[in-house]
Amino acid sequence: MDLFATSAISLFTDPEGGIRYWPDFLPQEQADAWFERLRVGCEWQSERRLMYERLVDVPRLLATYRTDALPESLPLADLLAQVRATVPAPFNAVGLNFYRDGADSVAMHNDKLHTIVPGQPIALVSLGNARRMNLRAKDRSRGFAIELAPGSLLVMSHASQLSHLHGIAKTTRAVGPRISAVFRVRPEPWAPDD
DNA sequence: GAAGGTCAAGCGCA
DNA sequence: CTGCGCTTGACCTT
């Protein structure tokens with residue numbers, strides 16, 4: 001029995017479940033402990049991108065694992081079990097994003113369609129500092145935002161990736177580090193360095 | 001293989 | 001303050 005993953009808030013509806021949010025998915029103590037273990041233990045990768053003749057850092061750190069090869073030093077198997085208790089999908093991938101401070105961000109985007117399987121959801125667990133996620137329908141019919149609290153779960157349908165964009169804007173507010181763990185069902189075969 | 005989309009920082013605008 | 005839309009260009013997707 002899980003006393004925490006009780007009530008989902010529906011942010012958007014479609015035939016595949018739309019976009020749902022569980023603010024209290026994990027107990028706070030567990031969210032805090034897992035955040036620290038992931039921050040210290042993940043093999044964080046930085047990337048660079050060219051823009052206007054300058055090489056700039058991608059404003060976040062990244063890590064990717066197959067769910068069938070999770071490092072035992074990380075709490076990802078436990079986290080996956082928690083996620084699957086609420087979202088019963090055959091997740092085979094977890095991507096982690098480390099937003100170190102308010103200068104880290106990700107532009108509005110939808111998940112790469114070749115990295116997800118039609119009909120299967122995407123499950124995003126937030127740890128560490130809260131950050132605001134902006135969401136917008138691609139047809140611009142509506143936009144909304146959700147404060148992604150530590151220990152929360154956001155589930156987005158495959159269909160919602162066709163209809164909506166999401167992103168994390170930079171902020172001048174003093175915000176501490178945040179980690180998101182995003183579970184996906186990727187078409188096989190795939191490798192973590194894809 | 002051509003065409004179109006992505007997405008990084010910074011600026012102007014509302 | 002915030003979000004948004006525009007810019008270039010290498011790389012990715014269709």
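Side-chain atoms are counted along with the backbone in the values below, which use heavy atoms only and exclude waters and symmetry mates. Within every chain, numbering begins at 1; the chains are lettered A, B, ... in the order of the sequence lines, protein sequences first and strands thereafter.
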Please confirm whether the shortest side-chain N or O distance from [X] to OP1 or OP2 of [N] is below 4.0 Å.
X      : N     : result
A/R54  : C/dG9 : no
A/T171 : C/dT2 : yes
A/R140 : C/dG5 : yes

Backbone N/O of A/F91 and side chain of A/T67: donor-acceptor pair under 3.5 Å
yes
I'd like to know if the side chain of A/D57 and the backbone of A/P59 have a donor-acceptor N/O pair within less than 3.5 Å.
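Checked: no pair found.
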Separation of atom [atom1] in [X] from atom [atom2] in [N], rounded to whole Å:
X      : N      : atom1 : atom2 : value
A/K138 : B/dT6  : NZ    : C1'   : 12 Å
A/L55  : C/dC11 : CG    : P     : 10 Å
A/I146 : C/dG3  : CD1   : P     : 14 Å
A/D57  : B/dA8  : CG    : C1'   : 10 Å
A/E53  : C/dT7  : CD    : C1'   : 13 Å
A/L62  : B/dC7  : CG    : C1'   : 13 Å
A/E47  : B/dT6  : CD    : P     : 17 Å
A/R48  : C/dA10 : CZ    : C1'   : 16 Å

With respect to the side chain of [X], which nucleotide from [options] is positioned closest?
X      : options              : result
A/Y52  : C/dG9, C/dT8, B/dA8  : C/dT8
A/T172 : C/dC1, B/dA9, C/dA10 : C/dC1
A/R173 : B/dA8, C/dG5, C/dT2  : C/dT2

Which residues in residues 109-121 of chain A have at least one heavy atom lying under 4.0 Å from any atom of DNA chain B?
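The stretch gives A/H109, A/K112 as the residues lying under 4.0 Å from the strand, ordered by number.
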Salt bridge between A/R60 and A/D104, side-chain N to carboxylate O under 4.0 Å?
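No, A/R60 and A/D104 are not salt-bridged.
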What's the separation between atom CD in A/Q120 and atom OG in A/S157, rounded to the nearest 0.5 Å?
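Rounded to the nearest 0.5 Å, the CD-OG separation comes to 11.5 Å.
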Fit a plane to each ring of A/H164 and A/F12, take the angle between them on a 0 to 90° scale, and name the class: parallel (under 30°), tilted (30 to 60°) or perpendicular (over 60°).
tilted
side-chain hydrogen bond (donor to acceptor under 3.5 Å, both in side chains) partners for A/E36, two or more places apart:
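side-chain hydrogen bond (donor to acceptor under 3.5 Å, both in side chains) list for A/E36, sorted by chain: A/R39.
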Closest nucleotide of DNA chain B for A/M51 versus for A/L165: which of these residues is on the 5' side?
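Checking each residue's closest nucleotide, the 5'-ward one belongs to A/L165.
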Do A/Q28 and A/D32 have side-chain N/O donor and acceptor atoms under 3.5 Å apart?
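Their side chains do contain a donor-acceptor pair, which is all the 3.5 Å distance test asks for.
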Sugar-phosphate only, base, or nothing, as touched by A/R136 at under 4.0 Å among non-hydrogen atoms:
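Here A/R136 touches the backbone only, sparing every base.
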